[in-house]
Number of protein chains: 2
Amino acid sequence: MHEQETCVAVRDVLSRVGDKWSVLVVSMLRDRPLRFSELRRTIEGISQRMLTLTLRGLERDGLVARTVTPTVPPRVDYALTDLGRTLLDPVLALAAWADGHRGEIARARERFDRKDPGKQD
Amino acid sequence: MHEQETCVAVRDVLSRVGDKWSVLVVSMLRDRPLRFSELRRTIEGISQRMLTLTLRGLERDGLVARTVTPTVPPRVDYALTDLGRTLLDPVLALAAWADGHRGEIARARERFDRKDPGKQD
DNA sequence: CAGAATCCCCTAGGATACTG
DNA sequence: CAGTATCCTAGGGGATTCTG
């Protein structure tokens, strides 16, 4: 599994998944396409700069399709591609893991921080 | 799924998974415990600073257990905990996805970059 | 051997202002 | 409405040096 190329590919997907907004955006598009402004309103906390950058990244990787309707004002819809849809499964599995074990993780952290005081403020 | 708390928990696990070394370290520990120096040699490219930090983070989250044998020179072994082992499945699924679709992703990028020249140097 | 400390750089990401 | 363009900062991560 570690033939270098694979390793690089995996790391670069993981860093995409690990960035602050990509997974959230993808999961928002799960049911139907959404407009830029809908994403912006729904996601809460995202700046429009980061929404743009995140969508560009996802589009570049072929996970999201961008459709412009050239009206005035313009309308732009974003939808998951087939490829993007296949990503949903493993990502949601990981999210489920995170949700299912967050209690254990929180307790582990408390224990660790109690043993090792002053290191984390 | 987006009750805020869950969302935060998920994001923080994803950022762990998305950092440069954590997943690689966890996957190296899949079969048996390893010493610090074994990890350092096997991983290739990691600085000992980042190996230390990564291991501390994993230990803090309860994913990895650290065992010190107080000899001279000291010996320190790292092993996956049960919790860490349960993470293996979803993470490897994601890695498999990344490996399985890296061709598609690469092609999507080429297409995108051809359409939009000069933006990514 | 297994680290802690230090220095330094670079990028992710936020805030704000402007435009077609 | 759906973006660019700027400016700015916190922190991830590398290289190097020191120590029990």
Side-chain angles (χ1 to χ4, degrees), chain A residues 8 11-25 28-29 33-61 64-79 112 115-121, chain B residues 8 11-12 14-25 28-29 33-61 64-79 115-121:
Chain A
V8 171
R11 183 136 67 189
D12 126 336
V13 166
L14 291 186
S15 70
R16 197 143 247 338
V17 166
D19 78 13
K20 196 168 177 184
W21 303 108
S22 288
V23 165
L24 196 47
V25 168
M28 298 304 308
L29 295 175
L34 292 174
R35 304 182 56 169
F36 186 88
S37 51
E38 291 179 303
L39 285 168
R40 180 148 169 53
R41 254 176 298 116
T42 315
I43 290 200
E44 180 167 15
I46 197 171
S47 63
Q48 99 270 50
R49 173 188 139 83
M50 283 318 295
L51 181 53
T52 301
L53 287 181
T54 301
L55 287 167
R56 285 295 169 280
L58 294 171
E59 191 194 356
R60 183 166 115 97
D61 286 358
V64 157
R66 178 171 180 268
T67 309
V68 182
T69 310
T71 54
V72 185
R75 174 197 178 102
V76 182
D77 288 273
Y78 292 91
F112 185 90
K115 276 189 356 191
D116 198 12
K119 287 292 183 182
Q120 70 293 343
D121 294 282
Chain B
V8 171
R11 183 137 68 190
D12 126 335
L14 291 185
S15 70
R16 200 142 246 334
V17 166
D19 78 13
K20 197 167 176 184
W21 302 108
S22 288
V23 165
L24 195 48
V25 168
M28 299 303 309
L29 296 175
L34 292 173
R35 303 183 56 170
F36 187 88
S37 51
E38 293 178 302
L39 284 168
R40 180 150 168 50
R41 254 176 299 115
T42 314
I43 290 201
E44 180 168 17
I46 195 170
S47 62
Q48 100 272 46
R49 173 188 139 85
M50 282 319 295
L51 181 53
T52 302
L53 287 180
T54 301
L55 287 168
R56 284 295 168 282
L58 293 172
E59 191 195 356
R60 181 166 116 97
D61 286 357
V64 158
R66 178 171 181 268
T67 311
V68 182
T69 312
T71 55
V72 184
R75 173 195 178 102
V76 182
D77 288 274
Y78 292 92
K115 274 189 356 189
D116 200 10
K119 287 294 184 180
Q120 70 293 346
D121 292 288

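Chain A is the first sequence line, chain B the second, and so forth, proteins listed ahead of strands; every chain is numbered from 1. Keep in mind the model is a prediction, meaning the values are calculated, not measured.
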Are B:Asp61 and A:Phe112 close enough that some pair of their side-chain heavy atoms sits under 4.5 Å apart?
no
N/O-N/O pairs, protein side and nucleotides 6-10 of chain D side, under 3.5 Å:
none

Specify the separation, in whole Å, of atom CZ of A:Phe36 and atom P of D:dA2.
7 Å
Would you indicate which nucleotide in D:dG13, C:dG14, C:dG3 comes nearest to any side-chain atom of B:Lys20?
D:dG13
Spacing of CD belonging to B:Glu38 relative to CG belonging to B:Leu29, to within rounding of 0.5 Å:
10.0 Å
Mind checking B:Arg41 for me? I need base, sugar-phosphate or nothing, with any heavy atom below 4.0 Å counting as a touch.
nothing
Looking at A:Gln48 and A:Phe36, what are the two nearest heavy atoms and their distance?
O-CZ, 4.0 Å
Closest to the B:Asp19 side chain, choosing from D:dC1, D:dG13, C:dG13:
D:dG13
Would one find a side-chain N or O of A:Arg35 under 4.0 angstrom from OP1 or OP2 of D:dA2?
yes
How do B:Leu53 and A:Leu55 order along DNA chain D: which one's closest nucleotide is nearer the 5' end?
A:Leu55
Measuring to OP1 and OP2 of C:dA2, would you say a side-chain N or O of B:Ser37 lies under 4.0 angstrom away?
yes
Between the opening five pairs and the closing five pairs of the helix from C:dC1-D:dG20 to C:dG20-D:dC1, how far apart are the helix axes, to 10°?
40°
As a test of understanding, state which of A:Leu39, A:Val25, A:Leu34 forms a side chain to side chain contact (heavy atoms under 4.5 Å, CB included) with A:Tyr78.
A:Leu39
Please report, rounded to the nearest Å, how far the P atom of D:dG13 is from the CH2 atom of B:Trp21.
9 Å
Measure the CG-CD distance between A:Leu24 and A:Glu44 for me, rounded to the nearest 0.5 Å.
10.0 Å
B:Tyr78 side chain N/O closer than 4.0 Å to the phosphate oxygens (OP1, OP2) of C:dG3?
yes
Which atom of A:Ser22 lies closest to which atom of A:Arg16, heavy atoms considered
OG-NH1, 3.3 Å
Scanning both residues in full, the closest heavy-atom pair of B:Arg35 with B:Pro74 reads NH2-O, 3.9 Å
Calculate the interatomic distance between A:Arg16 atom CZ and C:dG13 atom C1'; express it in whole Å.
14 Å
Figure out the CE/C1' separation between B:Met50 and D:dT16, and round it to whole Å.
16 Å
Starting from C1' on D:dT4, measure out to CZ on A:Arg40 and report it in whole angstrom.
14 Å
Are side-chain heavy atoms of B:Leu55 and B:Arg66 found at a separation under 4.5 Å?
no
Interatomic distance, CZ@B:Arg49 vs OG1@B:Thr54, rounded to 0.5 Å, equals 9.5 Å
B:Glu44 CD to D:dG14 P: how many Å, rounded?
13 Å
A:Leu24 CG to C:dA12 C1', straight-line distance once rounded to whole Å
17 Å
Scanning both residues in full, the closest heavy-atom pair of A:Thr42 with A:Met28 reads CG2-CE, 3.0 Å
Which residues in residues 67-76 of chain A have a heavy atom closer than 4.0 Å to any atom of DNA chain D?
A:Pro73, A:Pro74, A:Arg75, A:Val76
Provide, to the nearest angstrom, the distance between the CD1 atom belonging to A:Ile46 and the P atom belonging to D:dA2.
14 Å
Minimal heavy-atom distance between A:Val17 and A:Val23, with the atoms involved, is O-CG2, 3.4 Å
If you take atom types as modelled and just measure distance, does the side chain of B:Gln48 reach the base of D:dT17 with a donor-acceptor pair under 3.5 Å?
yes
If you compare all heavy atoms of A:Asp77 against all heavy atoms of A:Arg75, which two are closest, and at what distance to 0.1 Å?
OD2-NE, 2.9 Å
